[in-house]
Structure formats: structure tokens, C-alpha cells
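Every chain is numbered from 1 and lettered A, B, ... according to where its sequence line falls, protein lines coming before strand lines.
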There are 2 protein chains.
Amino acid sequence: MKRNSRLSLALHTLGHMAGQPDRIRKSADIAAHAGTNPVVVRRVLGSLRQAGLLVSESGHSGGWRLARPPEEITLADVYLALDERLAAPDAEEEPHDCTVAHAFHHRVSTVMAEVEQSLIQKLGKTTIFEIRETATDLS
Amino acid sequence: MKRNSRLSLALHTLGHMAGQPDRIRKSADIAAHAGTNPVVVRRVLGSLRQAGLLVSESGHSGGWRLARPPEEITLADVYLALDERLAAPDAEEEPHDCTVAHAFHHRVSTVMAEVEQSLIQKLGKTTIFEIRETATDLS
DNA sequence: ATTTTCCGCAACTCCAACTGTTACGCAACT
DNA sequence: AGTTGCGTAACAGTTGGAGTTGCGGAAAAT
């Protein structure tokens with residue numbers, strides 16, 4: 001894995017779940033299929049659970065499954081569930097910066113915010129169910 | 001400095017240069033004003049020179065200055081000069097990935113490419129000269 | 001009730017990318 | 001020749017993420 005690995009892992013897993021929504025999957029199985037570690041899977045899917053996209057259960061026949069039908073989960077939901085943002089949310093404006101730096105920073109932040117809204121809107125138009133239909137696999 | 005430091009440093013420097021285009025500035029002075037190191041300044045401004053935005057000269061009265069009038073340098077020029085991209089340019093499609101992963105990856109890459117074009121277009125509408133006018137400093 | 005199986009979470013290591021720093025070579029002006 | 005400043009390579013320090021291990025808790029099977 002390299003970058004955007006969290007998003008890749010999340011989408012990959014949700015894609016398979018969209019194909020068989022009733023099947024309950026274990027972290028270990030998901031990790032094996034994705035070529036990573038069960039703990040990493042729990043971390044990423046934990047964010048999706050926190051956002052209400054997934055449900056996890058402990059115990060003997062526990063595991064992960066979709067919290068709602070795949071037709072109602074968009075790529076934007078996944079993107080927002082993980083906290084990956086294009087622009088840093090301007091944690092602190094350093095007050096000692098000169099006016100020039102402030103002006104540029106403000107302008108760039110504004111543009112980035114607009115672009116991010118555009119991104120979210122675009123991602124919101126596609127559900128994991130639709131994407132899943134694009135793939136012609138049989139697993 | 002934190003993240004987006006290259007872009008911040010570049011814009012900050014160009015902003016001041018837009019105010020006094022004829023003044024030649026040394027790496028050391030720029031670094032002192034930005035709170036960083038001269039070598040870092042040379043690295044970042046070196047990218048801008050490679051893109052044709054700046055000119056640098058060696059020797060006793062050497063330094064950095066704009067390669068063309070600030071009215072003709074847009075934020076998009078600076079963004080493109082540094083190689084910061086929103087989406088990785090799909091270096092290699094790992095062929096062992098399953099079809100589901102491919103479908104998602106392709107979809108997300110398409111959306112990201114669209115959004116990046118939108119970003120570049122937005123940035124291209126503002127010049128460093130205009131932004132400079134917004135700032136009301138006097139240095 | 002005990003065992004098994006799974007998730008939840010914390011702590012640690014490993015690794016890549018970036019910034020900062022030092023050092024040396026080259027170019028240009030005095 | 002000496003001074004000044006850029007160009008670049010090499011290295012240290014820092015940061016963030018992925019991977020790993022270990023332990024505790026919950027739920028089903030026995």
C-alpha cells in the first residue's frame with residue numbers, strides 16, 4: 001500500500017460488501033484479501049462504523065456488515081467518514097505572519113474550500129452499489 | 001512551518017516581490033523573513049525558476065527577482081511550478097488487484113482529475129499582483 | 001461456567017517523506 | 001585575489017502513517 005491507502009481499503013471492502021450485503025466478514029478475512037493487517041482493517045472500518053456506514057459485532061460469529069443498503073451509501077459518505085481533507089481546516093492563524101502571507105493564505109484557503117465542496121458533491125452522486133455493478137467479477 | 005510549506009513560502013515570497021519587482025533579494029534575507037533556511041528557499045524558488053517565474057543570479061550583487069511582471073503570474077502558475085498534485089498520477093495500476101478495487105480506483109481517479117482541473121482553473125483567475133493589492137502592509 | 005472467537009484499543013516499531021542544516025563548488029562583481 | 005551569493009549533494013531531526021504485538025471485553029458454542 002502507498003498513499004490514499006485508507007480510502008482504498010475502505011472502498012475495496014465496501015465494494016465487496018455491496019455485492020453480498022448479508023454476509024458477515026471478519027477483520028482477518030478482509031485483511032487477507034486486501035493484503036494488510038487485521039488491526040489496520042479495524043482502524044479504517046472503525047471510522048466507517050463511527051460514521052454510521054458499518055456495524056461490527058463481537059463474539060464467536062461476529063464481524064462486519066453494512067449498516068444500511070448499498071444503494072444509500074455514496075462515495076462522499078466514505079470520503080467524509082475518513083477525515084481526509086484537501087485543505088487543512090485552518091487550525092490556527094499564526095498572528096505573527098505578515099499581511100502578505102495572510103492575504104495569500106486566505107485566498108488559497110477559500111479556493112481550496114470551494115474545490116473540496118465540489119469534490120464532495122461529485123462523490124455524492126455515485127453509490128457503492130452502482131460502482132459495484134461496473135465491476136464484472138464474481139467473488 | 002507545517003504543511004503546504006512549499007506553497008506558502010513561494011506565495012509569500014512572490015507576494016513581496018510583486019510589491020517591489022525591481023528589488024533583488026537574497027536567499028538569506030528571504031529565509032530570515034520567512035523564518036526558515038536559505039537552502040530551503042533556494043530549493044523552493046529553484047522550482048519557480050525552472051517554471052520560468054523567477055530569475056536568479058550569482059555573484060556579488062546576485063539574488064532573486066521576478067522573471068516577468070506580477071500581473072502575468074497567477075496562483076495556478078505557482079501551484080503547477082511546485083509539483084503538488086491532489087491525486088497521485090496513477091503511476092502503476094497493480095494488476096493483481098481484484099476488479100472491485102479497479103472499478104473504485106478508476107472512478108475516484110476520474111473525479112479527482114476533474115476536481116484538480118477545476119482547482120487550477122480557479123487559481124488561474126487570480127494574479128499575485130491582485131492579491132498583493134489586497135494586503136495593506138507597507139514593507 | 002468455561003472455552004472459543006471475534007472486536008477494541010493502546011503501545012511500540014518500522015518506514016517514507018519532508019524540513020532543516022552543513023559543506024563544498026561555481027559564478028560574478030569589486 | 002577576495003568577497004558574495006547561488007547550486008547541489010549529503011546528512012540529521014521530525015513527522016505521519018502502516019504494520020505488529022499484546023491484553024481486555026463481548027458474544028456465541030460447548
Side-chain angles (χ1 to χ4, degrees), chain A residues 1-13 17 23-51 53-67 81-89 91-92 94, chain B residues 1-10 12-13 17 23-67 81-89 91-92 94:
Chain A
M1 287 200 184
K2 37 190 180 182
R3 68 176 350 204
N4 275 26
S5 58
R6 303 224 314 274
L7 185 60
S8 296
L9 175 58
L11 291 176
H12 188 177
T13 305
M17 286 180 167
R23 176 174 163 191
I24 294 181
R25 296 154 196 269
K26 299 183 292 188
S27 305
D29 296 341
I30 297 171
H33 184 268
T36 180
N37 194 282
V39 179
V40 176
V41 171
R42 291 192 198 116
R43 277 206 281 251
V44 174
L45 299 193
S47 300
L48 302 184
R49 180 192 56 215
Q50 202 165 358
L53 306 182
L54 288 179
V55 174
S56 67
E57 287 171 15
S58 302
H60 182 267
S61 58
W64 299 84
R65 60 180 174 81
L66 295 179
L82 315 173
D83 275 334
E84 305 185 349
R85 293 293 181 276
L86 294 186
E92 288 302 321
E94 296 125 40
Chain B
M1 286 198 183
K2 38 189 180 182
R3 67 176 351 203
N4 276 25
S5 57
R6 302 222 316 274
L7 185 60
S8 296
L9 175 58
H12 189 177
T13 305
M17 286 180 167
R23 175 174 163 192
I24 295 180
R25 295 154 196 269
K26 299 183 291 187
S27 305
D29 295 341
I30 298 171
H33 185 266
T36 181
N37 193 282
V39 178
V40 176
V41 171
R42 290 189 202 121
R43 277 205 282 251
V44 173
L45 299 193
S47 299
L48 302 185
R49 180 194 56 216
Q50 202 165 358
L53 305 183
L54 288 180
V55 173
S56 67
E57 287 171 15
S58 302
H60 182 266
S61 57
W64 300 83
R65 59 180 174 81
L66 295 179
L82 315 173
D83 274 334
E84 304 186 350
R85 292 292 180 277
L86 293 185
E92 288 301 320
E94 296 124 41

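With C:dC7, D:dG19, D:dG17 as the candidates, the nucleotide lying closest to the side chain of A:Ser5 is D:dG17. Of the candidates C:dT19, C:dT21, C:dC7, C:dT19 carries the atom nearest the B:Arg6 side chain, counting heavy atoms from C-beta on. Residue B:Trp64 has its side chain nearest to D:dC6 when only C:dT21, D:dG19, D:dC6 are considered. Closest to the A:Val39 side chain, of the nucleotides C:dG20, D:dT21, D:dC6, is D:dT21.
Listed by chain and number, the residues in a salt bridge (Lys or Arg N to Asp or Glu O under 4.0 Å) with B:Glu84 amount to none (sequence neighbours excluded). Every residue two or more places apart in sequence or in another chain was checked for a side-chain hydrogen bond (donor to acceptor under 3.5 Å, both in side chains) with B:Arg25, and none qualifies. When the side-chain contact (heavy atoms from CB on, under 4.5 Å) test is applied to A:Asp29, the partners found at least two apart in sequence or on another chain are A:Lys26. By the side-chain hydrogen bond (donor to acceptor under 3.5 Å, both in side chains) test, B:Ser56 is found to be paired with B:Arg49, residues two or more places apart in sequence or in another chain being considered. By the side-chain contact (heavy atoms from CB on, under 4.5 Å) test, A:Ala81 is found to be paired with A:Leu48, A:Ala51, A:Leu53, residues two or more places apart in sequence or in another chain being considered.
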Using a 4.0 Å cut-off on protein heavy atoms (strictly under), produce a 5'-to-3' string for nucleotides 23-30 of chain D with B for base contact, S for backbone-only sugar-phosphate contact, and - for none.
---BBSS-

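A donor and an acceptor atom sit less than 3.5 Å apart, one in the side chain of A:Arg43 and one in the base of D:dG19. Between the side chain of B:Arg42 and the base of D:dG5 there is no donor-acceptor pair of N/O atoms closer than 3.5 Å.
Side-chain N/O atoms of B:Ser27 include none lying less than 4.0 angstrom from OP1 or OP2 on D:dG5. Checking the phosphate oxygens (OP1, OP2) of C:dC7, no side-chain nitrogen or oxygen of A:Ser56 falls inside 4.0 Å.
Taking atom CG of residue A:Leu7 and atom C1' of nucleotide D:dG17, one finds them 15 Å apart after rounding to whole Å. Summarising the geometry, the separation between NZ on B:Lys26 and P on C:dA28 is reported as 18 Å, rounded to the nearest angstrom. In this structure, A:Leu82 places its CG atom 12 Å from P of D:dG17, rounding to the nearest Å. The distance between atom CZ of B:Arg65 and atom C1' of D:dC6, rounded to the nearest whole Å, is 14 Å. Atoms CG (B:Leu9) and C1' (C:dG20) sit 13 Å apart, rounded to a whole Å. Atom-to-atom, CD1 of B:Ile24 to P of D:dG5 comes out at 11 Å; the value is rounded to the nearest Å. In this structure, the CG atom of A:Leu48 is 14 Å from the P atom of C:dC7, given to the nearest Å. The interatomic distance linking B:Asn37 (CG) with D:dC6 (P) rounds to 12 Å, in whole Å.
Proximity of A:Thr13 to A:Val41: side-chain heavy atoms (C-beta onward) are nowhere separated by under 4.5 Å.
Figure legend. C:dC6 is base-paired to D:dG25; pairs are counted as Watson-Crick or G-U wobble with both atom distances under 3.5 Å.
Within 4.0 Å of A:Gly63, counting heavy atoms only, lie sugar-phosphate atoms of the nucleic acid but no base atom.
To the nearest 0.5 Å, atom CG of residue A:Leu45 and atom CG of residue A:Leu82 are 9.5 Å apart.
Across all their heavy atoms, B:Met17 and B:Leu54 have their closest contact at SD-CD2, 3.6 Å.
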